[in-house]
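Following: one structure in structure tokens, then a few remarks.
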Amino acid sequence: MIYQVYVRSFLDSTGDGIGDLAGVRAGLPYLKKLGVDGIWLSPFYPSPQHDHGYDVADYCDVDPLFGDLAEFDLLMTAARRLGIRVLLDIVPNHCSSEHPWFREALASPPGSPARARFHFADGRGPDGAEPPNNWHAMFGGPAWTRIAETDGRPGQWYLHMFTPEQPDWNWRDAEVPAQFDRVLRFWLDRGVDGFRIDVAAGLFKHPELPDSPDPEADARTRDSVNPLAWNQPEVHDVWRHWRSVCEEYTARDGRERLLVGEVSVPSAREHALYVRPDELQQAFFFDLLSAPWDADAFRKVVSEAMQDIAGTGSTVTWVLNNHDQVRTVTRYGEPATDGSGLGAARARAAALLMLALPGAAYVYQGEELGLPEVVDLPDDVLTDPIFRRTGSRARVRDGCRVPLPWSGQVSPFGFTSGAEGVRPWLPQPEYFAEYATDRALADTRSFWHLYRDGLQLRRELPQLGEGDLRWLDTPPGVLAFVRGDGLVCAVNFATAPATAPVPGTPLLASGPCPPGVLPGSTAAWWIGDL
Ligand code: NOJ
């Protein structure tokens, strides 16, 4: 299990209201206690923070907001000592408009080698005033922005699949892959255990940059379906090459270097191509995260993954939460604020289901506390560029990024070491007091204990290791499967109680679970002979 650390919201050691690398180091013992195998750190590189670090101005340094390279080295040493692996977030599809190469491109003429590292093109229409094609950006608006040439006249356009501050690299230009080789080696030489790869189905675009066949559909979907802008076959060569770089390091010291891709593609079969034996070891299978709370929907997702991904010998990588999505507690139910509502019960059950599945699991910080989404942040504190670009609150991602509560009754709940009056970069609601880590650790009924116990059993029980699963016959609304030689996991998606598939007291349950009964919105594990 890898724990996703969203650095700016984890723990602030410098007292400016923003989490940092020293804060992550201070939080490592907490994560060790929880039982994580590793952490994935969200981007901490120098960046103007238009998309919270997913706009990288320098791939080989630390933004002073988060620390410096010396602090990074201290974090690595501390993590190694605790046996926690560290994955960095690498962003190869785009950089920041403040990256020196993009600045150089702006200062260079059309057709120059500096422009060839990005996608610059002349506009359409008599004055070139129309974008070069009809592509949409993921965060709203057209995927092209027009620049002023050095003489001040309106000039070429550049491509950005996200915000205008995130120009897309042109991976067909040899300097781009060569640069990323240097970046990989820079961090591998510093001891990292691998990378989470941002937008891993991106990078290459159709070489002619033709119009999308269905721009309306592209605009509607958050995960763009434009088949000319995403999921091009050439990207697989990059992952094969990156894997070979990682293997080179592994060959030196026997330590595995892990590549996990953020892969959003139309089907599990397409997904499986990214985790072929010589490509990425893992790729997030987001279908579980997007499934509604429904037994049939969950069963379909798990079956497809087992058949199309695990069936080819690859690992399935499960995820229920991340820094881009509404938290499960809220997504699965009414926005419960006291941790006892339906959403919370379902989120707990989903966690037990995920931890019982074969493959890797990723947990997003705060998930282990049962934090709900903060749904009522005022407009003036929202920082997500999606809000700025679309004016719509519907998709904003700030609500899952509110800084963690660690202790105490009032904000900042131990999040910042700052003097009184220092506010966390996003306001924490009063009810976060209920979720603070000190309370969670002290209460054996908390989410934290469920995750901790589940992770411990996952490590101890051979049935929960590699291998397949076998579905059991169950009444509608209930799912149950067997792992190995008899670990049974059952989930009751309905609200009414069902008969448990195994008699006796469960090994672990997401809620009160008397022998023989599986209450509604509850999951449990048993050792049974089925
Ligand atoms: C996916 C990341 O998870 C998200 O936070 C980011 O905004 C986009 N990629 C663009 O880098």
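Numbering of ligands and ligand atoms starts at 1, following listing order.
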Numbered atoms of ligand 1 (with element) below 4.0 Å of [X], judged on heavy atoms:
{"X": "R397", "result": "4 (C), 5 (O), 6 (C), 7 (O)"}
{"X": "F139", "result": "7 (O)"}
{"X": "V199", "result": "9 (N)"}
{"X": "H94", "result": "10 (C), 11 (O)"}
{"X": "F162", "result": "8 (C), 10 (C)"}
{"X": "E262", "result": "1 (C), 3 (O), 9 (N)"}
{"X": "R401", "result": "5 (O)"}

Quiz question: by atom type and distance under 3.5 Å, do the side chains of [X] and [Y] form a donor-acceptor pair?
{"X": "N93", "Y": "Y54", "result": "no"}
{"X": "Q4", "Y": "H323", "result": "yes"}
{"X": "Q325", "Y": "Y364", "result": "no"}
{"X": "H50", "Y": "S96", "result": "no"}
{"X": "D214", "Y": "S212", "result": "no"}

Check: Think R257 forms a cation-pi with Y249, using NZ or CZ under 6.0 Å from the six-ring centre and within 45 degrees of its axis?
Finding: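 Not flagged: R257 not positioned over aromatic ring of Y249.
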Notebook entry, point to check: Hey, does the Lys NZ or Arg CZ of R348 hover above the aromatic six-ring of F447, less than 6.0 Å from the centre and inside 45° of the axis?
Noted result: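 Ring-cation test returns yes.
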Check: Where the side chain of D384 meets the backbone of D398, is there a donor-acceptor pair that is under 3.5 Å apart?
Finding: no
Check: Donor-acceptor pair, W187 side chain versus G194 backbone, under 3.5 Å?
Finding: no
Return yes when [X] approaches ligand 1 closer than 4.0 angstrom through a heavy atom, no otherwise.
{"X": "R196", "value": "yes"}
{"X": "H52", "value": "no"}
{"X": "Q325", "value": "no"}
{"X": "M138", "value": "no"}

Among all protein non-hydrogen atoms, which one is nearest to [atom], and what is the separation to 0.1 Å?
{"atom": "atom 6 (C) of ligand 1", "answer": "D51 OD2, 3.4 Å"}
{"atom": "atom 11 (O) of ligand 1", "answer": "D198 OD2, 2.7 Å"}
{"atom": "atom 3 (O) of ligand 1", "answer": "D324 OD2, 2.5 Å"}

Next item on the list: Answer with side chain, backbone, both or neither: which part of N93 has a heavy atom less than 4.0 angstrom from an atom of ligand 1?
Entry: neither
Check: Is the W40-Y3 ring centre distance short of 6.0 angstrom?
Finding: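 When the ring centroids of W40 and Y3 are compared, they turn out to be at least 6.0 Å apart.
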